[in-house]
Amino acid sequence: MHELRSAVDDKSLFRYISSGVSVSSRLEELVEERLGATRALAVHNGTEALRLALMGTRPCAGDPVYIPAVTFVAVAGAVLSCGLVPVPVDVDERFGLDSALLPADAQRVIVAHMEGMVGPLPQDVPYLIEDSAQAMGGRHADGRHAGTVGYAGTFSFHHAKVLTSGEGGLVVVRDPDDWEVLRSYHDHGSDREHGKYPVWREGAFYGENFCANEAVAAVQLQQFRHLDEILASLERHHAILAEELPDRSDIRRVVRTGGDVKVSVRIELGSRELRDRALADLTDRGLACWTLDKYFLPEHPVVRDRVSVYADGFPWNLDDGAQRYRPRSRDGFRATREALGRTLCLPLAPELDETGQTQAAKEVAAALAAL
Ligand SMILES: *Cc1c(COP(=O)(O)O)cnc(C)c1O
């Protein structure tokens, strides 16, 4: 409340009018320091962050953007709303984009660290965007933070994410020159001096308004102070549930690396039928669980049916059938579809204390043992 109250007391919730350094700027500085990012920019949500990162690549209309076959539909939507064409790429065992399937000349690739699972990154892609909406605070094997390795990284503060302000987003970039382009685009293509009306240089490009709100930034600033605590609690809870899981040959726990954000324990069951039974049983007992079926983009209406609000079907109509627009999979996504059908996620609650975590783990384990 302290951060929020002082933002409101300042009587100017627009970041470029605030007296002194804006809360949004303080948030960005904190993020740069905490995540080891070159520059950060606050926006309204994770989808906008993706759009902004894509626009910052200065694409041509209709360029393909390679995206994981398993991710939230916002990734496809962000690509399309930039006038670009999303091309699904099949995923590996942990449902991260399989780099081996990318064309050698891929220019734009989005990887998504789903459920905090920080996956390996493709090499030598000029514009690699790490969608870290579900992996705030996660780390790669070399210790660098998820989101900071590629050209850009995006984050969300939506209600369901690791940190939340209801809605909120953030983009980080490695190159400070890219940050200037993003900053300008997110503020109507302007140059901006704090406290003044924006100015447009000769040759300014058009932009949009993605400028963060000071009250929301204040909540995010406060949330960030809890990040380490939340990550540690998830880590502990994950270890407790992993330990309690029944030892059954038809329930395999998907291994998580040290750098993953442990938002859930992910299990793969022996068959789809058993998975569906587990889902129904746990739900009946009031135990939280979910599947990842909703993230399978090749069968998502938005990607499958290729409908657009534009009368001419833009930008889908820019797909001329060339090789670069072909979905990338070895088997038409069959193995992925089947693996998703056997997968169940057991979410972890960082707010529980150790006793609560142990109790919750025992209930879930008992339900799985009784299947
Ligand atoms: C939530 C999410 C987004 C979109 O973020 P919003 O803040 O809801 O717009 C994008 N990608 C992934 C992987 C997400 O989970």
Side-chain angles (χ1 to χ4, degrees), residues 24 27 31 40-56 65-82 84 86 88-89 91-92 94-97 108-119 121 128-138 145-172 182 186 208-213 216-217 219-220 223-224 230 234 260-264 266 290-298 300 302-303 336 340 343 345 347-348:
S24 304
L27 169 75
V31 169
L41 189 66
V43 293
H44 299 123
N45 56 59
T47 311
E48 247 176 35
L50 283 169
R51 276 177 46 66
L52 192 54
L54 286 163
M55 293 308 281
V65 180
Y66 299 94
I67 68 170
V70 178
T71 190
F72 183 43
V73 71
V75 178
V79 170
L80 289 159
S81 66
C82 291
L84 306 170
V89 179
V91 293
D92 61 21
R94 297 194 341 142
F95 299 141
L97 182 139
R108 293 175 180 78
V109 177
I110 300 176
V111 298
H113 304 305
M114 300 304 287
E115 290 207 295
M117 287 208 181
V118 183
L121 301 175
L128 173 65
I129 298 171
E130 283 182 80
D131 180 343
S132 309
Q134 302 188 8
M136 173 71 82
H145 274 285
T148 65
V149 178
Y151 140 79
T154 61
F155 298 89
S156 166
F157 294 89
H158 184 267
H159 177 73
K161 316 296 186 184
V162 181
L163 300 182
T164 180
S165 49
E167 284 276 359
L170 198 67
V171 56
V172 302
L182 265 51
H186 107 303
E208 300 182 66
N209 177 10
F210 296 165
C211 294
N213 181 296
V216 177
V219 174
Q220 291 162 350
Q223 281 271 290
F224 250 97
I230 290 171
L234 288 171
D260 286 353
V261 182
K262 313 293 193 301
V263 298
S264 71
R266 189 184 293 176
W290 59 61
T291 77
L292 299 176
D293 297 354
K294 57 187 178 281
Y295 293 141
F296 187 51
L297 292 188
H300 192 291
V302 165
V303 174
T336 297
L340 281 169
T343 298
C345 299
L348 304 173

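Scope of the values below: all heavy atoms of this structure, side chains included, with no hydrogens, waters or symmetry mates. In listed order, ligands and their atoms are each counted from 1. Owing to the predicted nature of the structure, the values given are computational and were not obtained by experimental measurement.
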What distance separates Thr343 OG1 from Phe95 CZ, expressed to the nearest 0.5 Å? 3.5 Å

What closest approach, in Å, do Thr148 and His145 show between heavy atoms, and which atom pair accounts for it? OG1-O, 2.7 Å

From CG (Leu52) to CD1 (Ile129), nearest 0.5 Å: 9.5 Å

Can we say Arg266 and Asp260 salt-bridge, meaning some charged N sits less than 4.0 Å from an Asp/Glu carboxylate O? no

Heavy atoms only, cut-off 4.0 Å: how does Thr71 contact ligand 1, side chain, backbone, both, or neither? side chain

Evaluate Gly46 for polar contact with ligand 1, using N/O atom pairs at a separation under 3.5 Å. yes

For ligand 1, is there an N or O atom under 3.5 Å from any N or O atom of Gln134? yes

So which protein heavy atom does atom 9 (O) of ligand 1 come closest to, and at what separation? Thr47 OG1, 2.5 Å

Polar contact flag, side-chain donor to acceptor under 3.5 angstrom, Glu130-His113: yes

With a 4.0 Å heavy-atom cut-off (strictly under), which part of Glu48 contacts ligand 1: side chain, backbone, both or neither? neither

Would Lys161 count as a contact residue for ligand 1, given that I'm defining contact as a non-hydrogen atom of the residue lying under 4.0 Å from a ligand atom? yes

Which bit of Asp131 gets closer than 4.0 Å to ligand 1, counting heavy atoms only: side chain, backbone, both or neither? side chain

Nearest protein heavy-atom contact for atom 3 (C) of ligand 1: which residue, which atom, what distance? Phe72 CD2, 3.7 Å

Arg51 (side chain) donor-acceptor with Ser81 (main chain) under 3.5 angstrom: yes

Going by the closest heavy atom to atom 8 (O) of ligand 1, which one wins out of Arg51, Met114, His158? His158

Give a yes or no answer on whether the side chain of Tyr151 reaches the backbone of Ala53 with a donor-acceptor pair at less than 3.5 Å. yes

